[in-house]
Amino acid sequence: MTTTSLNNTLFERAQRTTPGGVNSPVRAFRSVGGTPRFIKRAQGASFWDVEDKEYIDYIGSWGPAIVGHAHPDVVKAVQDAAVNGLSFGAPTEGEILMAEEICKLVPSIEQVRLVSSGTEATMSALRLARGYTKRDKIIKFEGCYHGHADSLLVKAGSGLLTFGNPTSAGVPEDFVKHTLVLDYNNTQQLEDTFAAVGDEIACVIVEPVAGNMNLVKASQEFLDTMRRLCTKHGTVLIFDEVMSGFRVALGGAQSLNGIIPDLTALGKVIGGGLPVAAFGGKKEIMAHLAPLGGVYQAGTLSGNPIAVAAGLTTLKIIQTPGFHARLAATATRLTTGLTQAAKAAEVAFTADAIGGMFGLYFAKDIPSSYTEVMRGNKERFNTFFHHLLNAGVYLAPSAFEAGFVSAAHTDAIIDRTIALAQDAFAQLD
Ligand SMILES: *Cc1c(COP(=O)(O)O)cnc(C)c1O
């Protein structure tokens with residue numbers, strides 16, 4: 001693997017003072033091997049590493065960069081806000097505007113609270129659901145990632161009614177014994193679980209489009225059943241749209257599936273690259289939050305004025321007519337082109353897309369569950385990844401992550417990517 005010396009030098013240096021040299025694990029390239037690139041700047045659909053090598057970026061900061069990197073309007077909003085002070089610890093009008101915008105775009109959200117990360121959003125939504133229902137048990141699905149709060153870091157693969165084991169060291173068994181892990185897209189298993197313990201379940205939390213086990217779409221039947229069972233049993237349905245929100249459609253996955261969740265977690269796009277996330281939903285449930293109710297939740301930097309300025313400006317840009325249709329056409333152009341290139345090279349490969357999100361699978365069929373995702377050929381992905389990286393295309397450094405396009409990804413950029421991928425496919429054995 002050819003890596004430039006400056007990236008190597010920085011990686012070695014970083015590892016002296018930071019565990020693994022990175023501040024979030026997947027950046028370390030452990031899954032694909034090799035040396036992570038240290039990024040110096042980004043513009044539009046590209047970023048440049050410390051060696052001034054340009055990469056077409058298909059992770060967009062794992063979702064936030066939906067309007068392209070360093071969009072002039074977003075940068076200006078941040079600069080203008082910064083001049084007026086960085087943080088006050090007191091309310092601002094910007095927070096109201098942000099809340100109004102979110103409630104307008106996602107109608108299931110009647111009230112919303114701003115936080116600083118997706119982890120905080122899902123963790124708080126979970127606490128709220130438990131406080132509201134006065135129940136402890138929760139249901140999550142294998143392969144869905146909801147941030148790194150204790151109750152949600154549960155090993156996938158548990159069968160029906162098997163209580164989870166923690167995925168992470170440091171999470172007490174006592175915490176996760178309340179977490180039931182079921183199979184994604186397994187409607188019957190969901191029915192059976194509710195029949196057995198439905199009245200004890202505080203909430204079901206789901207990524208309505210899963211983006212943390214590569215891209216896996218939920219079936220309409222699966223989500224409809226989930227909605228029906230939650231209503232029947234007084235269980236709070238939480239859609240974790242931290243990734244899918246404002247990305248698969250302006251109104252999120254829920255607008256595509258026509259489902260009204262009780263609570264929704266948002267993040268990534270709503271900060272436009274700065275730390276903003278949110279959770280919200282039914283007013284009746286949100287009223288249980290402090291200072292109105294008994295469920296405590298707080299944050300020194302929640303609704304930070306600079307972050308809100310970036311988020312609000314991003315939300316304005318994505319409301320430009322045709323924005324999401326163009327984004328979807330871009331993602332489809334990429335997945336169609338890659339699929340054709342793989343076919344020409346006789347490589348077992350398929351791809352899927354929804355809005356500005358896509359999945360690449362070194363497998364014959366599009367997966368619908370974690371087990372199916374795991375059947376993909378990881379070695380082939382890794383070879384493909386490194387070939388493209390050397391050629392100046394930056395895919396997510398793992399076979400099990402989704403990819404993202406932005407409004408700055410022009411047809412010419414997509415076509416260049418496909419041409420480079422042709423070479424990469426040809427080199428796979
Ligand atoms: C990224 C992500 C999170 C966690 O958000 P952070 O801001 O990284 O804490 C939670 N849920 C989903 C679906 C995500 O994609």
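Computed from heavy atoms alone, side chains included, the values below leave out hydrogens, waters and symmetry copies. Each ligand, and each atom within it, is numbered from 1 in the order the structure gives.
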*Counting from 1, what ligand 1 atoms have a heavy atom of Ser117 closer than 4.0 Å?*
7 (O), 9 (O)

*Which atoms of ligand 1 sit under 4.0 Å from any heavy atom of Asn212?*
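So the atoms of ligand 1 that pass are 12 (C), 13 (C), 14 (C), 15 (O).
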
*Using 4.0 Å as the upper bound for N to carboxylate O, is an ion pair formed by Arg41 and Asp49?*
no

Tell me whether [X] has any N or O atom under 3.5 angstrom from an N or O of ligand 1.
X	answer
Asp240	yes
Thr122	no
Glu207	no

*Do Phe11 and Phe29 have ring centres separated by under 6.0 Å?*
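Between Phe29 and Phe11, which both carry aromatic rings, the centre distance is not below 6.0 Å.
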
Check whether the side chains of [X] and [Y] place a donor and an acceptor atom closer than 3.5 Å, and report yes or no.
X	Y	result
Arg127	Gln297	no
Gln254	Ser108	yes
Ser398	Glu401	no

*Out of Gly118, Ser24, Gly63, whose heavy atom sits nearest atom 5 (O) of ligand 1?*
Gly118

*Just to confirm, does any protein heavy atom lie below 4.0 Å from atom 8 (O) of ligand 1?*
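No, there is none.
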
*Close approach, Lys268 and ligand 1, non-hydrogen under 4.0 angstrom*: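 Within the 4.0 Å threshold, so yes.
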
